[in-house]
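Notes follow once the structure below has been shown.
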Amino acid sequence: MTTIDVSTDELRGLYLDLVKRSLTGALAEDNDSILGGVRTQGATTLKRRVASSVGQLASRFNFEIAYKKPYDAELRENGLDWPSRAESMIGLRRMTNIQECIAAIVADEVPGDLIETGVWRGGACIFMKANLRAWGDHTRKVWLADSFQGLPKPNATEFPADAGDRLHTQTGLAVGAEQVRRNFERYGLLDENVEFLVGWFKDTLPTAPIERLSLMRLDGDMYESTIQAIEALYPKLSPGGFCIIDDFGSHSSQAGQAVHDYRDQHGITDEIVQIDPFGAYWRKSA
């Protein structure tokens, strides 16, 4: 009998690569455009609104109308497209960033839980949990903070940067907490250390029973969502921990503006590292 010698590191890498490719839709090359699905909801042109309405009508009778589009590996790598069925839209590079940050947290024994604010279908949080499981860490919690009903209407009086924002009309961004729990279950990763904070950030984050964080991932798109999250959570981030901003890139200046404002107000000078055209992060210095 031939003995196959596979190291723990190799097995861990194979498992995490498979999970992140599944969560992003890269494994199945998920690139269908489903009429009435997340890509077509909130359409602005008459043609697209009609197509979306037809698709939503078909879904009531358990039918799905979709058309195939060529899969672009580079777009999926950088999170520049929107998979129809996958649990995450952040792409492979931002998933790999989570993996690398958690590896550093484990290696350097940085204390604290992990959180994402704005979770959609839960893909990034599922990957956080998969990484902890792969490292044999059964003590840290993964917190999921979301309204689970989409984004808020802009409050331009208090947050002028959000004036004219239309993300609250994107009904495809509203995914219920029970569906996200089910997604965790499908990957075999739902346990007592997965915690849900259901509600608007202004209501849930200031009083959340979180003592310390080793990783915080902000994916709120808007200025309001981003500033409320970073104000409540950054003081709990341990030295050596990571602050990841999913909407830091040029597509969402509101989140980037909120981050710069907070850093300027608190004298934070840790280097910001760009992950891809959208995401960025920095490691909190001592």
Could Asp30 and Arg76 be called an ion pair, given the rule that one side-chain N must be under 4.0 Å from one carboxylate O? no
| request: May I have the step-by-step check of salt bridge (Lys or Arg N to Asp or Glu O under 4.0 Å) for Asp191 and Arg133, ending in yes or no? | output: CA-CA 11 Å; Asp191 62 22; Arg133 182 72 60 83; 3.6 Å; yes
Gly241 and Val110 have their tightest heavy-atom pair at N-CG1, 3.8 Å
### Query
In terms of heavy-atom contacts, does CZ of Arg186 have more than 12 from other residues, nucleotides or ligands at under 6.0 Å?
yes
So OH of Tyr281 and CD1 of Ile245: to nearest 0.5 Å the spacing works out to 13.0 Å
Are any non-hydrogen side-chain atoms of Pro152 and Ser147 less than 4.5 angstrom apart?
no
Does the side chain to side chain donor-acceptor pair (under 3.5 Å) test come out yes or no for Ser84 and Asp32, once each step is laid out? CA-CA 6 Å; Ser84 297; Asp32 294 351; over 6 Å; no
In this structure, are over 12 heavy atoms from other groups packed under 6.0 Å from Gln265 atom CD? yes
* Asked: Charged N to carboxylate O under 4.0 angstrom, Asp108 versus Arg283?
  -> yes
Handout entry: Under 3.5 Å: donor-acceptor pair, side chain of Ser88, backbone of Leu23
Key = no
Any sub-3.5 Å donor-acceptor pair from Asp81's side-chain atoms to Pro83's backbone N or O? no
Tested for side-chain hydrogen bond (donor to acceptor under 3.5 Å, both in side chains) against Arg93, the lone hit among Asn78, Thr24, Asp276 is Asn78
dist Asp219:CG -> Trp120:CH2 (nearest 0.5 Å) comes out at 10.5 Å
message: Less than 4.5 Å apart, side chain to side chain, heavy atoms only: is that true for Leu173 and Leu151?
response: yes
Lys20 side chain reached by Thr96 side chain, heavy atoms, under 4.5 Å: yes
* Asked: Would you find more than 12 non-hydrogen atoms of other residues, nucleotides or ligands less than 6.0 Å from Lys202 atom NZ?
  -> no
Report task. Give the cluster check for Leu189 versus Leu18: same hydrophobic cluster or not, with ILVMFWY residues linked at side-chain heavy-atom distances below 4.5 Å. Result -> no
- Message: Can you confirm whether Trp143 sits close enough to Pro209 that some side-chain heavy atom of one is under 4.5 Å from a side-chain heavy atom of the other?
- Response: yes
SG (Cys243) and CD1 (Ile268) are apart, to the nearest 0.5 Å, by 8.0 Å
Original post:
Under 3.5 Å, is there a donor-acceptor pair between the side chain of Lys129 and the main chain of Val194?
Top reply: no
For Ile115 and Ala145, the nearest pair of non-hydrogen atoms, with its separation, is CD1-CB, 4.4 Å
| request: Check whether Val175 and Leu190 end up in the same hydrophobic cluster, where Ile, Leu, Val, Met, Phe, Trp and Tyr are linked by side-chain heavy atoms less than 4.5 Å apart. | output: yes
| request: Flag yes if Phe127 and Leu14 sit in one hydrophobic cluster, no otherwise; membership is Ile, Leu, Val, Met, Phe, Trp, Tyr, and two members link when side-chain heavy atoms are under 4.5 Å apart. | output: no
Rounded to the nearest 0.5 angstrom, the CZ-CG distance for Arg140 and Leu132 is 7.0 Å
Nearest heavy-atom approach of Thr226 to Gly220 is OG1-C, 4.5 Å
key: Audit row: Glu224, Asn155, side chain to side chain donor-acceptor pair (under 3.5 Å) steps and yes/no   = CA-CA 8 Å; Glu224 176 182 0; Asn155 179 358; 5.3 Å; no
Heavy-atom closest pair (Gly25 atom, Ala86 atom, distance to 0.1 Å) is N-CB, 3.4 Å
Value for CD (Glu195) from CG (Asp113), rounded to nearest 0.5 Å, stands at 8.5 Å
* Arg181, CZ atom: more than 12 neighbouring heavy atoms under 6.0 Å -> yes
Please tell me if the side chains of Met216 and Ile230 come closer than 4.5 Å, counting only heavy atoms from C-beta onward.
yes
key: Sub-4.5 Å side-chain heavy-atom contact between Ile244 and Ile275   = yes
Residues 152-163 vs salt bridge (Lys or Arg N to Asp or Glu O under 4.0 Å), sequence neighbours excluded, gives none
Across all chains, not counting sequence neighbours, the side chain to side chain donor-acceptor pair (under 3.5 Å) partners of Asp72 are none
Q) Is NZ or CZ of Arg263 both nearer than 6.0 Å to the six-membered ring centre of Trp282 and within 45° of the ring axis? A) yes
Output for pair (Leu114 CG, Cys101 SG), nearest 0.5 Å, gives 9.5 Å
Heavy atoms of Ile105 and Ser214 approach each other most closely as CD1-O, 3.3 Å
Indicate yes or no for a side-chain donor-acceptor contact from Arg12 to the backbone of Ala134 under 3.5 Å, with no hydrogens or angles considered. yes
hydrophobic_cluster_shared for Leu27 and Met95, side chain cutoff 4.5 Å
no
Do Leu218 and Phe248 have side-chain heavy atoms sitting under 4.5 Å apart? no
Look only at the side chain of Arg121 and the backbone of Asn183, and say whether a donor-acceptor pair between them is shorter than 3.5 Å.
no
Q. Is Tyr15 reachable from Leu92 through a run of I, L, V, M, F, W or Y residues, each pair having side-chain heavy atoms under 4.5 Å apart?
A. no
**Request:** Would you mind checking if Arg217 and Glu116 are paired as a salt bridge, meaning a charged N to carboxylate O distance below 4.0 Å?
**Result:** yes
Note: Ala255 and Asp247 closest approach over all heavy atoms is CB-O, 3.3 Å
Query raised in the report: If we only count heavy atoms from C-beta on, is the Gln257 to His260 side-chain gap below 4.5 Å?
Result: no
> For Ile98 and Ile90, what are the C-alpha separation, side-chain angles and deciding distance, and is it a side-chain contact (heavy atoms from CB on, under 4.5 Å)?
Replying inline: CA-CA 11 Å; Ile98 293 172; Ile90 69 173; 4.2 Å; yes
So the ring-ring contact (aromatic ring centres under 6.0 Å, His included) pairs with at least one residue in residues 148-201 (sequence neighbours excluded) are Phe148-Phe196
Backbone N or O of Leu237 within a donor-acceptor pair of the Lys284 side chain at under 3.5 Å?
yes
